[in-house]
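The residues of the chain are indexed from 1 along the displayed sequence. Atom set for the values below is all heavy atoms of this structure, side chains included, hydrogens, waters and symmetry mates excluded. Keep in mind it's a predicted model, so treat the numbers as computed, not measured. Whatever order the structure lists them in is the order used to number ligands and atoms, beginning at 1.
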Amino acid sequence: MNQSVKDKLKKIVGSQNFLDSEEDKKVYSYDATALLNQKPEAIIFPDDEEQISQVVKLANSESFNIVPRGSGTGLSGGAVPVENCVLLVMTKWNKILEIDTKNHTATVQPGVITARFQQEVEKHGLFYPPDPGSMNICTLGGNVANNAGGLRGLKYGVTKNYVLGSEMILPNGDLLKTGGKNMKDVAGYNLKDFIVGSEGTLGIITKIIFKLVPKPTDSITILAYFDKLLDSANSVAGIIEKNIIPCMMEFLDHTTINCIEDYTHVGLPRNSEAILLIEVDGRGSAVADDARIIKEILSKNNASTIKVASDPQEALNLKTARRSAFSALARRRPTTILEDATVPRSELPVMIEKITEASRKFNLTFGDFGHAGDGNLHPTCLTDERDKDEITRAHKAFDFIFNEAINLGGTITGEHGTGLAKKQFLEGVAGIPGINMMRQIKSVIDPNNIINPGKVFDISPKCESYLPTDRK
Ligand SMILES: Cc1cc2nc3c(=O)[nH]c(=O)nc-3n(C[C@H](O)[C@H](O)[C@H](O)COP(=O)(O)OP(=O)(O)OC[C@H]3O[C@@H](n4cnc5c(N)ncnc54)[C@H](O)[C@@H]3O)c2cc1C
């Protein structure tokens with residue numbers, strides 16, 4: 001990108017909202033995904049829709065790329081810069097514009113941090129359930145772009161279940177408005193849902209309207225330890241079979257338990273093969289009934305210890321410990337590759353075995369944890385990117401894991417998105433007609449391929465050079 005284009009960008013967003021020092025470019029060269037990084041040409045923090053629209057028009061006329069970014073916590077490389085790009089960061093857009101207690105909706109800017117939003121709506125007796133493990137740092141815009149899930153997905157669903165409407169600057173600079181506060185709206189194609197999960201490839205989200213639900217009044221948090229991994233997986237199946245839907249049913253394997261304990265010292269049992277962290281919520285006695293049945297199922301499946309959190313603080317400590325799983329595992333080795341293979345719930349025991357098999361077969365250390373009730377596992381390879389042989393084995397292990405997930409009727413990503421990291425596997429899930437349709441849609445909306453090119457399904461040559469050779 002030449003200086004005259006940079007000067008034009010500065011003129012649009014103001015020099016205070018423009019960075020291009022080598023240090024800044026390095027800092028913004030990656031997101032939370034291991035192994036992928038590329039420096040942008042510049043980083044901008046636009047103030048309003050008009051500035052974004054002008055930047056997009058400039059990108060079309062001057063042939064540079066734009067990569068939208070929230071907090072950069074993505075785990076599939078969605079916000080990793082591409083060649084000749086400006087990174088457009090939305091963290092300044094951090095206002096909660098309205099909490100509408102009559103309609104149970106909230107209107108927000110996309111840079112609002114997820115946990116802050118949850119705290120604010122809860123002050124009104126309302127509840128925004130999607131709670132990614134990264135909720136203290138990620139943005140709602142990133143959540144919408146990736147259709148983020150979380151610990152409460154089993155009962156409450158994921159981000160898409162709460163998006164009622166949005167605004168987005170399209171690749172031609174127009175402002176697209178979709179949806180609104182209506183609980184029902186079937187006018188025309190469902191563009192609102194189409195934007196959710198578009199991974200920053202269709203435009204820049206500038207406003208979101210969320211549905212809220214009443215805050216549950218009661219909850220019980222249960223922790224169960226297992227000597228055998230398979231018993232924990234069978235417990236998950238047993239609970240679902242009884243038609244009980246906890247709001248949370250999280251699984252941690254032996255390696256993850258020990259890394260979390262090293263990190264948080266909450267008293268997790270170091271010898272256990274697996275732990276389930278389960279929470280039931282709702283109103284009144286139904287919550288206690290569900291908890292009683294769950295404890296019976298856990299006993300039948302040989303849980304060695306079943307503990308009920310004695311108070312909200314203990315429950316919060318346990319959930320906070322669980323949310324630290326990625327950070328805790330990341331302390332063990334220099335490079336942490338975390339994935340999110342997902343299978344139909346009934347296949348969870350098989351998938352857990354397959355991950356163990358991958359670890360043995362390719363001689364690697366894996367921690368495994370995840371949203372067991374959703375069949376959404378996070379096999380996490382603890383490795384060192386300086387060891388080329390180990391990285392090659394890690395890639396082979398993930399190829400094996402993804403293929404096994406697909407064979408079990410599962411998918412390559414339950415919540416992190418395809419981004420850069422998993423685009424080579426997309427065909428196995430979406431099929432060639434599916435990928436072709438995605439490419440056709442993208443080429444109509446973004447004919448010059450300037451918004452986050454090279455991601456999800458895009459194999460345009462201009463964006464391939466920065467992928468590791470065995471990941472092309
Ligand atoms: C410790 C840890 C735990 C995590 N736990 C979970 C979890 O439980 N569930 C889960 O789903 N994910 C989880 N993630 C992944 C990540 O936090 C989510 O994908 C999150 O939604 C990303 O938000 P972000 O603001 O960081 O977005 P970024 O990483 O900045 O961007 C993600 C994608 O969204 C696009 N984007 C961002 N903002 C906009 C915008 N305004 N307009 C258009 N496109 C935009 C980017 O281009 C990119 O493709 C975790 C990550 C970490 C590091």
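Contact check on D47 versus K92 returns a salt bridge, with a Lys/Arg side-chain nitrogen under 4.0 Å from an Asp/Glu carboxylate oxygen. Look at D131 and R323 and you find a salt bridge, because one of the NZ, NE, NH1 or NH2 atoms lies within 4.0 Å of a carboxylate O, short of that distance. Salt-bridge check for D262 with R270: passed, with a basic side-chain N closer than 4.0 Å to an acidic carboxylate O. Between E23 and K26 there is no salt bridge, since no side-chain N of the basic residue sits under 4.0 Å from a carboxylate O of the acidic one. K455 and E199 are not joined by a salt bridge, as no carboxylate oxygen comes within less than 4.0 angstrom of a charged side-chain nitrogen. Ionic pairing of D458 and K442 is not present here: no N-O contact between side-chain nitrogen and carboxylate oxygen is shorter than 4.0 angstrom.
For T320 and N317, the side-chain atoms include no donor-acceptor pair closer than 3.5 Å. T383 and E390 share a donor-acceptor pair across their side chains, judged by distance under 3.5 Å alone. No hydrogens or angles considered: a donor-acceptor pair under 3.5 Å links the side chains of T413 and D340.
Near N143, meaning under 4.0 Å from one of its heavy atoms, ligand 1 places the atoms 20 (C), 21 (O). Residue-ligand proximity, M90 to ligand 1, at heavy-atom distances under 4.0 Å covers atoms 41 (N). For ligand 1, the atoms closer than 4.0 angstrom to any heavy atom of G70 are 25 (O), 28 (P), 30 (O), 37 (C), 38 (N). Residue G78 has at least one heavy-atom neighbour below 4.0 Å for each of these atoms of ligand 1: 47 (O), 48 (C), 49 (O). Less than 4.0 angstrom separates some heavy atom of N452 from each of these atoms of ligand 1: 47 (O), 49 (O).
Considering backbone and side-chain atoms alike, R69 places every N or O at 3.5 Å or more from each N or O of ligand 1. At a 3.5 angstrom cut-off on N or O pairs, P132 does not count as close to ligand 1. Polar contact check, G142 against ligand 1: a nitrogen or oxygen pair lies under 3.5 Å apart. Geometrically, ligand 1 and A32 share no nitrogen or oxygen pair separated by less than 3.5 Å. Some N or O of I205 is nearer than 3.5 Å to an N or O of ligand 1, by distance alone. For G133, a nitrogen or oxygen atom sits less than 3.5 Å from a nitrogen or oxygen atom of ligand 1, counting backbone and side chain alike. Residue R323 has no N or O atom closer than 3.5 Å to an N or O atom of ligand 1. Among the atoms of S327, none of the N or O lies under 3.5 angstrom from an N or O of ligand 1. Any N or O atom pair closer than 3.5 Å counts here, and A148 shares no such pair with ligand 1. The N/O atoms of H378, backbone and side chain alike, include none that comes under 3.5 Å of an N/O atom in ligand 1.
More than 12 heavy atoms of other residues, nucleotides or ligands sit less than 6.0 Å from atom NZ of K192.
Ligand 1 is approached by H371 to a heavy-atom distance shorter than 4.0 Å. In this structure, G72 has a heavy atom closer than 4.0 Å to ligand 1.
With contacts defined as side-chain heavy-atom distances shorter than 4.5 Å, the pair L377/I401 does not qualify. By the 4.5 Å heavy-atom criterion applied to side chains, K39 and S29 are counted as neighbours.
For the side-chain contact (heavy atoms from CB on, under 4.5 Å) test with N143, the passing option among P130, P110, P132 is P132; the others fail. When each of I208, I96, L97, T139 is paired with V112, the side-chain contact (heavy atoms from CB on, under 4.5 Å) condition holds for I96 and for no other. None of L9, L88, N17 except one satisfies the side-chain contact (heavy atoms from CB on, under 4.5 Å) rule with P46; the exception is L88.
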*Apply salt bridge (charged side-chain N to carboxylate O under 4.0 Å, His left out) to the pair D281 and K215, showing each step before the final yes or no.*
CA-CA 10 Å; D281 73 352; K215 188 168 156 38; over 6 Å; no
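Residue contacts with ligand 1 for L151 are absent, since no atom lies close enough (heavy atoms, distance under 4.0 Å). Here D31 has no heavy atoms under 4.0 Å from ligand 1, in either its backbone or its side chain. Of all the heavy atoms of H416, the ones lying under 4.0 Å from any atom of ligand 1 belong exclusively to the side chain.
Nearest to atom 34 (O) of ligand 1 among the protein's heavy atoms is A145 CB, 3.2 Å. Protein heavy atom in closest approach to atom 1 (C) of ligand 1: F326 CD2, 3.2 Å. Here the protein heavy atom with the shortest distance to atom 15 (C) of ligand 1 is T73 O, 3.6 Å. Atom 33 (C) of ligand 1 has N146 OD1, 3.5 Å as its closest protein atom, hydrogens excluded (heavy atom only). T139 OG1, 2.6 Å is the protein heavy atom nearest to atom 25 (O) of ligand 1. Counting protein heavy atoms only, atom 49 (O) of ligand 1 is closest to E199 O, 3.1 Å. Of the protein's heavy atoms, P68 O, 3.1 Å lies nearest to atom 46 (C) of ligand 1. From the protein, the heavy atom lying nearest to atom 43 (C) of ligand 1 is G203 O, 3.4 Å.
Comparing G370, G149, S134 against atom 4 (C) of ligand 1, the shortest heavy-atom distance belongs to S134.
Between H378 and H371, the angle of the ring planes goes over 60°, which puts this pair in the perpendicular group of the 30/60° scheme.
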